[in-house]
2 protein chains.
Amino acid sequence: MGAVTLSQVAQAAGVSLATASRVLNGSARTPGAGVAERVRDAAQALGYVANAQAQALARSSSGLLGLIVHDIADPYFSSIARGVQRVAQAEGRTLLLAGTDGGPAEERAALEVFASRRADAVVLAGSRQESPDNAALRREAERYLRNDGRLVLLGHALTDDASVLEIPHERLAGELADALIDDGARSFHLVGGPEGLLTSDQRLRGFRGALAARGLSEASLRRAAFGRDGGFAAGAALVPVLRESRQRGEWPVVFAANDRMAMGVAAALREQGLHAPSDYGLAGFDDIDTLRDFQPGLSTVHLPLEGIGAAAARVALGGEAEPVRGQVILRESTRRV
Amino acid sequence: MGAVTLSQVAQAAGVSLATASRVLNGSARTPGAGVAERVRDAAQALGYVANAQAQALARSSSGLLGLIVHDIADPYFSSIARGVQRVAQAEGRTLLLAGTDGGPAEERAALEVFASRRADAVVLAGSRQESPDNAALRREAERYLRNDGRLVLLGHALTDDASVLEIPHERLAGELADALIDDGARSFHLVGGPEGLLTSDQRLRGFRGALAARGLSEASLRRAAFGRDGGFAAGAALVPVLRESRQRGEWPVVFAANDRMAMGVAAALREQGLHAPSDYGLAGFDDIDTLRDFQPGLSTVHLPLEGIGAAAARVALGGEAEPVRGQVILRESTRRV
DNA sequence: AAAGTTTCGGAAAGCGCTTGCCAAGTGGCG
DNA sequence: CGCCACTTGGCAAGCGCTTTCCGAAACTTT
C-alpha cells in the first residue's frame, strides 16, 4: 500500500530506472521525446510522487530551510516567518519551523534537529542572550557549519563563521530618542527586557547614548520580561513615578524596548487612569502589525520585519546580504497635547 | 568534509554498523553496556549527527508533521501554529510549514510537497472555500491518504477519509447573537468574507439563524475580503447606514465574521467619528491575541486557537479528537452606554 | 564505405541508515 | 558435563533515488 516508486513507473513505461529518473526529476541529460512522454504518462497514471528523502540522500542536498524563532505566535516573529516562508516557497525549498521560547538550550536542540535533517540552511531568528548554554549552542552552530550547513543569524553574531543580518538596533534607538527630544520631550523613563538580552540592551544603549549626547539622562530604567506582560508589570510600577513627574509639571515619556512591552505599559497605566499622550508619552520599537489597530497610535521604530525575514532567507540560500533599514515613526502616543 | 556517518562511528568504536545503529538510534535490542559506551564515546568524539533522511528512508517513516496555513503572519494562524508546533516538538516530530495565501491551488501544491517529503501527517488549517481548484486539492488529499498519510482538516471536511477537527462556528455565532439580543440589541449589521468561504458562511448562517429564531433579521449584510482591510472597506460603506440608524434612535450592532474584520470596521468608523460602544456596538469572532490590547474591548467568540492547533496535531499524530469548545465573551464594545 | 563522433538507454554502485537472520558465546539446569 | 535456551554482535539485504560509466546505435565526415 506504500507510495508508488520510480521503479514501478519505469517498469510501467518499459524503461530503466535511470531513464525514468532523468525524465522526471530533472537531470542534465534529457532523454528522447518519445521515451520521455511514455515515462511521464506512466507517472501520471500511477500517481507517482518522488520521495524527497531518497532524493536528498542520493543528491546529498535536502532542499530544506530551517527557521528557529522564540515564539511563532509573537507578531514580531510571525512577520519574519512570513518573509522567510515566502522566499523559501519561491525558491522551491521546504520550510522547517522550530519554536524555542527563547532558551539557548532549546535553540541548540532545534539546530541539532535541523542538522540531522541535513537542512541546507538555517535562519536563527531569536535574540541572543547571555547564558551558560550559549557555549553549547555555539558548538552546535560550528558543527553545523563544518558540515557545510549555512547559518544566518538575525541581529547578533554567534560565531565568526555564521552570516549575520545586522539590524541597527542601537542606531535606530538613538534616532528615536533624538526625534523625541526634538519634539520637546525631556523626561525619559526606560523599560527594557532582562539584562543580557542583546536586542533589548542594544536598544537601551542606543537610546541612552542619544540622551547623553544631548546632555540628558533617563529618569528611571526598569527591566522585566521582554513581552507584553513584562511591559505591564513595568507599567504598573511606573504609576507613582509618572504621577510625581506630572506634578512637577513635566511630561514624562516612556520608551519601551519593543512594541509589545509598550502595549503592556499602556495597558497598566490605562488601568490607573493614565493615558497617552495626555498624561505621558509612549514609544516602542519594531512597528509590529498589531500596532495598526492600537490606540493611541504608537510612536516606534519601524523595522521591515517581513523583509528582514526574506532577506535572511535569501542570504541563507546563498544570496547577498542587503542592509536592513529601519525608520523612526512618530505617532499620536508622543504627540504632546 | 561531509558529515560524520554511522559507519565512521562504528569503525572508531570497533564494532559493526548494526551495533552502532542499535546503540545510537533506539532499537528494540540494546547492546551490552560496555559496547554501548564505546559507541557513544566514539559518536561524541566525532560529533556524529544521525542523518534523518537516511533513517526515514530505512524506517519508512519520516517523523515529519506538515502544517498548511493561509498566512503565518495572521494572528489566527500563528496561534494555531504555535499549538501545532508545541505538540510536534513534544512528540519529537519536526514541523514543516507552508503558507498559501488561501488558494486551494497553493494548498494542493503544499500538500504535494509534504507528500513528497513523506510527512507522516499534515494539518490543513485554512478555511475551505468554493473553487474549481478544490477538485485537484481533493485528489491530492486522497492520494496522500492512500499512501498512508494522515490528514487533519480544521473546521471543514474535504474528503470522507480525512479527519476533521470540528469547530462549531455556526452554533457559537448563534450563541453570540443570542447573547447580544439578551443584552438588548435589536438592529444588526453583518460583515462577512466572500460568499463561499466556509468559515465566514457558517458564522453568518449561525448568527442569522439565531436572529430569525427570535423574530429578527439583519438590517444589512456586507461582504469583503476576510481580513482587516476587508473589514475596513465594509466599515467605510457602513457609515451612512449606521448614521441613519442612529437617527432613528436605534443602537446598531455590527457583527463581523472575524476579529480582524471587526478591527477594520472599527478603524473605518473611527475615522468618521463613530465610536463603539457609544455610537454602535461591535462584535467579532475568534478572540485573537491581538484583541488583548484593542480598545474598546471587543465582544467576540473565544476560540482556544493554540489548543485547537495542539488538538489537531494530536489527532494527526494518531490521538483522539477532543471537541473544540468556544465561548461567547462580551466586552466593552457591545456594552451600550 | 570506413572511421570517428555523438547520442541515448541501461547496469550498477552508491547515499546513510535499519533490521531480519545467522552464528557464536553465555549461563542455567538436570 | 552436556544440552538447551537465550543473548549479543555481525552480515547483508534493502529503503528509493541519482549518477557514473558502458556499450550500442545513430550520425558525420572525408
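In what follows, chains carry the letters A, B, and so on, assigned in the order in which the sequence lines appear, proteins first and then strands, with residues in each chain numbered from 1.
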Considering residues at least two apart in sequence or located in another chain, which fulfil the ring-ring contact (aromatic ring centres under 6.0 Å, His included) criterion with A:Tyr144? none
Just one of A:Arg93, A:Gln85, A:Glu91, A:Arg86 clears the side-chain hydrogen bond (donor to acceptor under 3.5 Å, both in side chains) bar with A:Gln89, so which one? A:Gln85
Check the pair B:Leu95, B:Leu67 against side chain to side chain contact (heavy atoms under 4.5 Å, CB included), reporting the backbone distance first and the verdict last. CA-CA 7 Å; B:Leu95 187 63; B:Leu67 172 63; 4.1 Å; yes
Any donor-acceptor pair under 3.5 Å linking the side-chain atoms of B:Gln202 with those of B:His156? yes
Out of D:dT19, D:dG9, C:dC17, whichever nucleotide has its closest atom nearest the side chain of B:Leu17: C:dC17
Does anything in residues 50-61 of chain B come within less than 4.0 Å of DNA chain D? Heavy atoms only, and list the residues if so. B:Leu57, B:Ala58
Any donor-acceptor N/O pair under 3.5 Å between C:dG10 base and A:Arg22 side chain: yes
Considering only heavy side-chain atoms of B:Ala18, the closest of D:dC17, D:dC21, D:dC11 is D:dC11
Is a side-chain donor or acceptor of A:Arg150 paired with a backbone partner of A:Asp120 at a separation under 3.5 angstrom? no
Between the protein and nucleotides 22-27 of chain C, list the N/O to N/O atom pairs that are separated by less than 3.5 angstrom.
none

Any chance the side chains of A:Arg117 and A:Ser62 put a donor and an acceptor closer than 3.5 Å? no
Could you tell me whether the side chain of A:Leu317 reaches within less than 4.5 Å of the side chain of A:Leu65, counting heavy atoms only? yes
So, does B:Thr5 get its side chain near the phosphate of C:dG16, meaning an N or O under 4.0 Å from OP1 or OP2? no
Checking D:dC17, C:dG10, D:dG10 against the side chain of A:Ser16 (C-beta onward), the nearest is C:dG10
In whole angstrom, give the distance that lies between atom CD of B:Gln11 and atom P of C:dC17. 14 Å
Going by an N to O cut-off under 4.0 Å, is there a salt bridge joining B:Glu142 and B:Arg139? no
The answer to which of B:Gly14 and A:Ser21 contacts DNA chain D further toward the 5' end, by nearest nucleotide, is B:Gly14
Between B:Leu24 (CG) and D:dG9 (P), how many Å, whole number? 13 Å
Just wondering, more than 12 heavy atoms not from A:Glu112 lying within 6.0 Å of its CD? yes
